[in-house]
Amino acid sequence: MNMDIQPKRTGLSFEIFPPKRTASVASIYCALADLRKLSPDFISVTYGAGGSNQGRQTLEIVNAVRNHYDMTAVAHMPCISMTRDEAARQLADFRQAGVDRVLALRGDLPADGSIPAGDFSHASDLVSFIRGLEGFENFRIYAACYPERHPDSPDWEADIRHLKLKVDAGVDGLITQLFFTNSLFYEFMDRIRSAGIDVPVEAGIMPVINSRQIERMVQLCKASLPEKFCCVMEKYRDNPEAMFQIGCAYAVDQIIDLAAHGVDGIHLYTMNNPLVAARIHESVRAVLGR
Ligand code: FAD
């Protein structure tokens, strides 16, 4: 009998966001120093779709991730309000900072139904644009995907057809929206693999450690919550220590099951909380073969 049961090395990456207006960008640096100890494959940095200041903060942080903390950085880049010139400038700024990986995104449409005055309608337009841009041939491009379908998609057929178009435009890897029910992710993987989408997929996992987070996330991301999860959260919502334990334990349980099913990678939505990332990392390090 072969007793060599070394688990395959599963990818691990973290998402962080620029601090809110009330906090300084410097506050993120302590978090980065702690996240670095967990040896992630990359750190991705979000980018608010509303305004150039958001881009500056993202640039500043990916620059620090790359050049100060010596980690691989992925810059999120929502294109819906950008002109081609603005996109080219933003990409050149990333390249100058030594950052050659982007998560190409559309960005959310304004709630009032207006159409932003940019040159791009879909993330796939940005992917094609980067692939045609001289000097960016080596860029690694990630894109988003949705195990519970993008809320704008009328049905699965359209969702997967558009995802295939996006990947075929030159995407190297996908990162999923957060989800709490692994079976939905497995069904999604069957759908995309049957459609001939064969790039690696990182599963987006969000440890929920307070009840405010759940309400916001479900509203924003439209992720469905299993009943068991809701019952437990409801019972302990006013006990921060218990919520921390429950949120980490739930994420660990999801990750172990995903790893056992051979997932390509785990993308942890850290909410800028390195303590949560460290707790989870400690519980799954061997399972992920890291
Ligand atoms: P697209 O791939 O363009 O898809 C959006 C919708 O359009 C889908 O319904 C798709 O089926 C449809 N579609 C695509 N192509 C076509 C076509 N040719 N014709 C008709 N319909 C089409 N937002 C931010 O602003 N900043 C961030 O930093 C950020 N980070 C994110 C990170 C991850 C991992 C994820 C999953 C999302 C992130 N978002 C971020 C949110 C994202 O911008 C929204 O979910 C947005 O609504 C869709 O972006 P997309 O890139 O998936 O869009």
Side-chain angles (χ1 to χ4, degrees), residues 11 13-20 42-59 61-62 73-82 87 90 94 99 101-111 113 115-116 118-130 141-171 173-179 184-185 188 191-192 195 197 199-206 216-223 264-272:
S13 55
F14 299 137
E15 179 186 287
I16 59 170
F17 53 79
K20 305 284 177 230
F42 64 82
I43 301 267
S44 85
V45 183
T46 67
Y47 184 134
S52 58
N53 189 41
Q54 301 274 358
R56 269 206 302 280
Q57 282 195 313
T58 302
L59 176 62
I61 297 170
V62 287
V74 174
H76 294 209
M77 191 169 161
C79 62
I80 190 70
S81 312
M82 287 184 180
Q90 182 68 79
F94 289 144
V99 173
R101 298 187 185 208
V102 289
L103 173 57
L105 295 156
R106 181 191 71 180
D108 283 321
L109 300 175
I115 305 289
D119 286 338
F120 305 95
S121 302
H122 306 289
S124 54
D125 300 333
L126 178 62
V127 176
S128 305
F129 176 75
I130 301 170
I141 305 179
Y142 296 88
C145 63
Y146 302 82
E148 297 186 59
R149 206 161 88 199
H150 188 277
D152 296 353
S153 296
D155 51 43
W156 272 115
E157 192 278 323
D159 194 80
I160 302 294
R161 182 159 37 85
H162 295 142
L163 183 61
K164 172 102 168 85
L165 269 176
K166 179 159 72 173
V167 171
D168 288 349
V171 166
L174 293 167
I175 303 179
T176 78
Q177 182 60 283
L178 59 92
F179 61 89
L184 297 175
F185 173 79
F188 172 73
R191 285 194 168 94
I192 70 167
I197 298 171
V199 293
V201 178
E202 309 249 337
I205 298 296
M206 166 162 292
R216 200 175 130 66
M217 282 308 139
V218 170
Q219 199 186 16
L220 267 178
C221 309
K222 312 274 188 291
D264 296 311
I266 302 292
H267 186 66
L268 205 62
Y269 293 98
T270 69
M271 302 301 285
N272 294 0

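Each ligand, and each atom within it, is numbered from 1 in the order the structure gives.
Remark: the backbone N or O of His122 is paired with a side-chain donor or acceptor of Asp125 at under 3.5 angstrom. A donor-acceptor contact shorter than 3.5 Å links the side chain of His150 to the backbone of Asp152. Here the side chain of Thr176 pairs no donor or acceptor atom with the backbone of Cys145 at under 3.5 angstrom. A donor-acceptor contact shorter than 3.5 Å links the side chain of Thr270 to the backbone of Asn272.
In the candidate list Tyr269, Tyr146, Phe17, Tyr146 is nearest to atom 45 (O) of ligand 1, counting heavy atoms. Looking at His150, Glu202, His76, Met77 and measuring to atom 8 (C) of ligand 1, the nearest heavy atom belongs to His150. With distances taken over non-hydrogen atoms, the option nearest atom 36 (C) of ligand 1 out of Ala144, Ala104, Gly107 is Ala144. Ranked by closest heavy atom to atom 13 (N) of ligand 1, the top entry among His162, Arg161, His267 is His162.
Taking any N or O of Ser121, backbone or side chain, none lies under 3.5 Å from an N or O belonging to ligand 1. At a 3.5 angstrom cut-off on N or O pairs, Ala123 counts as close to ligand 1.
With a 4.0 Å cut-off on non-hydrogen atoms, Lys166 touches ligand 1 through its side chain and not its backbone. Under 4.0 Å from ligand 1, heavy atoms of Ser153 appear from its side chain as well as its backbone. For Leu109, no heavy-atom contact with ligand 1 is shorter than 4.0 Å.
Residue contact check: Leu103 has heavy atoms under 4.0 Å from atoms 32 (C) of ligand 1. The Asp152 neighbourhood of ligand 1 comprises atoms 9 (O), with distances under 4.0 Å to a heavy atom of that residue. Heavy-atom contacts of Ile175 reach the following atoms of ligand 1: 34 (C) (cutoff under 4.0 Å). For ligand 1, the atoms closer than 4.0 angstrom to any heavy atom of Gln177 are 36 (C). Every atom of ligand 1 is numbered from 1 in the order shown, and the set under 4.0 Å from a heavy atom of Thr46 is 28 (O).
The CG atom of Leu163 sits 6.0 Å away from the CD1 atom of Ile192 when rounded to the nearest 0.5 Å. Between atom OG1 of residue Thr58 and atom CD of residue Gln90 there is a gap of 7.5 Å, rounded to the nearest 0.5 Å. In this structure, CD1 on Ile141 lies 12.0 Å from CG on Leu174, to the nearest 0.5 angstrom.
Partner of Phe120 under the side chain to side chain contact (heavy atoms under 4.5 Å, CB included) criterion, chosen from Leu126, Val127, Ile80: Leu126.
Between Tyr269 and His267, the two ring planes are perpendicular [angle over 60°; tilted spans 30° to 60°].
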